[in-house]
Novice: 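One structure, as structure tokens, below. Some questions next.
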Amino acid sequence: MQNKPIKLPGFLIADLYANVLVDIVENKFAGKGIGLQQNEVQPIRYLGQNLKRVLVIVRDETSAFINDPALAFLTKILNACHLNLSDIAIINLYSKQFTQEELAAEVSANHILLFDIKPTELNLPFNIPNFQVNVFDGCTFVTFPGLNVMMEESAESKILKSKMWVTLKKAFKLD
């Protein structure tokens, strides 16, 4: 019997290790007397493979990218839109702010979904209310309330989820 390596897709690995995912940034120059310069720009880190160029931007103070309940909720949203974790890139703005120019230079996107993030926080020249689709510079932007608000079990969150679904159908042309 031959031992052939099994290659698992990234989204499956993320699902398998969702509760134990640790992001370790290694300094490849450690121990050589060479370190990162104070003004050297770190690359933008994100969760997912961004295969369909959908950027999801959140603000989560509890985890590196997104907490487990919010990730589970987001995964359901993605499935309804015929997407999965490998199709998107999740960026957490809690610990580091980025401008739209910085994001565009490193993370290619056709759609940007902002959860509890105002477009002006990305240095964009516009602000839009939640549940409105806006196209700017060839990219579709949509803002939503925070995932934690929509995950609640209340009449208000049910209405928010309905509005979100209508908006996503419009943004991704699902009808």
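The model shown is predicted, which means the values in this text are computed figures rather than measured ones.
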Novice: Once you measure the plane-to-plane angle for Phe144 and Phe115, does it fall in the parallel (<30°), tilted (30-60°) or perpendicular (>60°) bin?
Specialist: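 Ring orientation of Phe144 relative to Phe115: parallel.
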
Novice: Any idea which heavy atoms bring Glu121 and Asp116 closest together, and the distance?
Specialist: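 Smallest heavy-atom distance, with atoms named: OE2-O, 4.3 Å.
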
Novice: Heavy atoms only: give me the nearest Glu102-Ile44 pair and the separation to one decimal.
Specialist: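 Taking every non-hydrogen atom into account, O-CD1, 3.6 Å.
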
Novice: Determine yes or no for a side-chain-to-main-chain donor-acceptor pair under 3.5 angstrom, with Asn50 supplying the side chain and Val54 the backbone.
Specialist: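 Yes: the side chain of Asn50 pairs with the backbone of Val54.
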
Novice: Does Val56 reach the side chain of Ile66, with side-chain heavy atoms less than 4.5 Å apart?
Specialist: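 With C-beta onward as the side chain, the pair stays apart.
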
Novice: Taking atom NZ as the centre, does Lys170 end up with more than 12 heavy-atom neighbours from other residues, nucleotides or ligands that are less than 6.0 angstrom away?
Specialist: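 Result for NZ/Lys170: open.
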
Novice: For Glu101, I'd like to know if atom CD has over 12 heavy atoms of other residues, nucleotides or ligands within 6.0 Å.
Specialist: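 Result for CD/Glu101: enclosed.
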
Novice: Are Leu160 and Trp165 linked, directly or through intermediate hydrophobic residues, by side-chain heavy-atom contacts shorter than 4.5 Å (ILVMFWY only)?
Specialist: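 Both belong to a single hydrophobic cluster.
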
Novice: Which heavy atom of Ala171 sits nearest a heavy atom of His111, and at what distance?
Specialist: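 Answer, listing the atom of Ala171 first, then His111: O-NE2, 3.2 Å.
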
Novice: What verdict does the side-chain contact (heavy atoms from CB on, under 4.5 Å) test give for Leu85 and Leu71, after you've listed the backbone C-alpha separation in whole Å, the side-chain angles of each residue and the deciding distance to 0.1 Å?
Specialist: CA-CA 9 Å; Leu85 286 176; Leu71 181 60; 3.7 Å; yes

Novice: To the nearest 0.5 Å, what is the distance between NZ on Lys161 and CD on Glu152?
Specialist: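 Those atoms lie 9.0 Å apart.
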
Novice: Could you walk me through whether Ile57 and Leu93 pass side-chain contact (heavy atoms from CB on, under 4.5 Å), step by step?
Specialist: CA-CA 7 Å; Ile57 302 178; Leu93 286 190; 3.5 Å; yes

Novice: Please determine whether residues Phe98 and Leu55 belong to a single hydrophobic cluster, defined as Ile, Leu, Val, Met, Phe, Trp and Tyr linked transitively by side-chain heavy-atom distances below 4.5 Å.
Specialist: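 In one cluster: yes.
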
Novice: Going by heavy atoms in the side chains, are Leu114 and Leu122 under 4.5 Å from each other?
Specialist: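 In short, these two side chains touch, coming nearer than 4.5 Å.
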
Novice: Please answer whether the main-chain N or O of Pro129 pairs with a side-chain N or O of Thr143 as donor and acceptor at a distance below 3.5 Å.
Specialist: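 Yes, Thr143 side chain to Pro129 backbone: donor-acceptor pair under 3.5 Å.
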
Novice: Evaluate the side chain to side chain donor-acceptor pair (under 3.5 Å) criterion for residues Asn92 and Asp60: first the C-alpha distance (whole Å), next the side-chain angles of each, then the deciding distance (0.1 Å), finally the verdict.
Specialist: CA-CA 6 Å; Asn92 185 357; Asp60 186 344; 5.2 Å; no

Novice: Minimum heavy-atom separation for Met151 and Ala70, please, with both atom names.
Specialist: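 Result for this residue pair: SD-CA, 3.5 Å.
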
Novice: How close do Phe141 and Ile128 get, heavy atom to heavy atom, and via which atoms?
Specialist: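 Heavy-atom minimum between the residues: O-CD1, 3.9 Å.
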
Novice: Any non-hydrogen side-chain atom of Ile77 less than 4.5 Å from a side-chain atom of Leu83?
Specialist: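 Side-chain contact under 4.5 Å: no.
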
Novice: Quick one: are Leu78 and Asp87 in side-chain contact, heavy atoms under 4.5 Å?
Specialist: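 SC-SC contact between Leu78 and Asp87 ruled out.
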
Novice: Applying the 4.5 Å side-chain criterion to the ILVMFWY set and letting contacts propagate, would Leu147 and Tyr46 be lumped into a single cluster?
Specialist: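 The answer is no; the residues belong to distinct hydrophobic clusters.
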
Novice: Would you call Arg59 and Ile117 a side-chain contact if the rule is heavy atoms closer than 4.5 Å?
Specialist: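 Yes, side chains in contact.
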
Novice: What about Ile90 and Met150, same hydrophobic cluster or not, with Ile/Leu/Val/Met/Phe/Trp/Tyr joined at side-chain heavy-atom distances under 4.5 Å?
Specialist: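 Both belong to a single hydrophobic cluster.
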
